[in-house]
A.B. asks: 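If you scroll down you'll find the structure; I have some questions about it.
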Amino acid sequence: MAGNSAYTFEAFHLGMASVYIAFLRFMGDETEARKFSYGIEVGGNGRKLIWQGVPRSIRYSHKKVRDSQDGLIIQRELAHFFSGGDRQLLKLDVAGRIWKEQ
């Protein structure tokens, strides 16, 4: 990932469901962030999920981005399946990129 971004992958509860979310925030203000797009991939066990969006500014807390569900949301069971069925340890590949829109 570029040096002008920070990505997050974390567990949280969405209602009663245990889920994970992956998203990227831009190191700059919201106006500047809107000039960029990003893609993030989470995969394992021969499978991959892809999210593409416009990053939020780093000035938004990760909790605010998470609570707005503006990222790749993965059900806990699916994340464990991607990890080869290991329910104790997640073994996922997380990759992303950010680019400036023309």
Side-chain angles (χ1 to χ4, degrees):
M1 294 206 190
N4 57 353
S5 60
Y7 73 93
T8 300
F9 183 87
E10 71 174 47
F12 76 107
H13 284 89
L14 185 57
M16 296 296 289
S18 295
V19 298
Y20 297 94
I21 188 168
F23 59 86
L24 183 141
R25 289 181 295 155
F26 181 79
M27 301 284 192
D29 65 29
E30 191 65 22
T31 302
E32 194 175 2
R34 282 191 220 113
K35 297 175 185 174
F36 290 80
S37 291
Y38 79 97
I40 196 162
E41 301 176 356
V42 177
N45 200 22
R47 278 113 175 124
K48 183 181 343 182
L49 293 172
I50 301 170
W51 171 267
Q52 186 171 320
V54 175
R56 299 283 189 101
S57 168
I58 196 74
R59 294 177 182 155
Y60 279 85
S61 71
H62 84 277
K63 183 179 182 318
K64 186 173 183 177
V65 178
R66 181 196 69 201
D67 291 350
S68 71
Q69 301 174 33
D70 190 10
L72 176 59
I73 296 175
I74 306 164
Q75 295 291 325
R76 181 176 176 216
E77 294 78 16
L78 185 59
H80 287 289
F81 177 72
F82 277 29
S83 294
D86 186 343
R87 294 192 142 311
Q88 301 301 314
L89 178 67
L90 284 179
K91 296 178 237 172
L92 300 171
D93 297 318
V94 179
R97 68 183 191 98
I98 186 168
W99 63 93
K100 190 167 188 174
E101 291 292 343
Q102 299 301 323

A.B. asks: How long is the gap from CG on L14 to CD1 on I21, to the nearest 0.5 Å?
C.D. replies: 8.5 Å
A.B. asks: Are R59 and D29 close enough that some pair of their side-chain heavy atoms sits under 4.5 Å apart?
C.D. replies: yes
A.B. asks: If you round to the nearest 0.5 Å, how far is CD of E30 from CD of E32?
C.D. replies: 11.0 Å
A.B. asks: I'd like to know if V65 and V54 are part of one continuous hydrophobic network [Ile/Leu/Val/Met/Phe/Trp/Tyr, side-chain heavy atoms within less than 4.5 Å].
C.D. replies: no
A.B. asks: Which heavy atom in A11 sits nearest to a heavy atom in Y20, and how many Å separate them?
C.D. replies: CB-CE2, 3.5 Å
A.B. asks: Which pairs with one or both residues in residues 55-102 pass ring pair (Phe, Tyr, Trp, His ring centres under 6.0 Å), sequence neighbours excluded?
C.D. replies: none
A.B. asks: Do F9 and L78 sit in one hydrophobic cluster, given that two such residues count as connected whenever their side-chain heavy atoms are within less than 4.5 Å of each other, even indirectly?
C.D. replies: yes
A.B. asks: L90, F12: one ILVMFWY side-chain cluster at the under-4.5 Å cut-off?
C.D. replies: yes
A.B. asks: I need the full list of salt bridge (charged side-chain N to carboxylate O under 4.0 Å, His left out) pairs touching residues 7-23, with sequence neighbours left out, sorted by first then second residue.
C.D. replies: E10-R66
A.B. asks: Side-chain contact, heavy-atom cut-off 4.5 Å: S83 with N45?
C.D. replies: no
A.B. asks: In chain order, what residues pass the side-chain hydrogen bond (donor to acceptor under 3.5 Å, both in side chains) check against S37, with sequence neighbours excluded?
C.D. replies: E101
A.B. asks: Residues two or more places apart in sequence or in another chain: which of them pass side-chain hydrogen bond (donor to acceptor under 3.5 Å, both in side chains) with S68?
C.D. replies: R56
A.B. asks: Tell me, please, which residues at least two apart from F26 pass ring pair (Phe, Tyr, Trp, His ring centres under 6.0 Å).
C.D. replies: F36
A.B. asks: Taking all heavy atoms of S5 and all of M27, pick out the closest pair and write down the distance.
C.D. replies: N-CG, 3.7 Å
A.B. asks: Where do A79 and I74 come nearest, in terms of heavy atoms and distance?
C.D. replies: N-CG2, 3.8 Å
A.B. asks: Quick one: does S57's side chain get under 4.5 Å of R25's, heavy atoms only?
C.D. replies: no
A.B. asks: Mind checking what makes side-chain contact (heavy atoms from CB on, under 4.5 Å) contact with D67, not counting sequence neighbours?
C.D. replies: K63
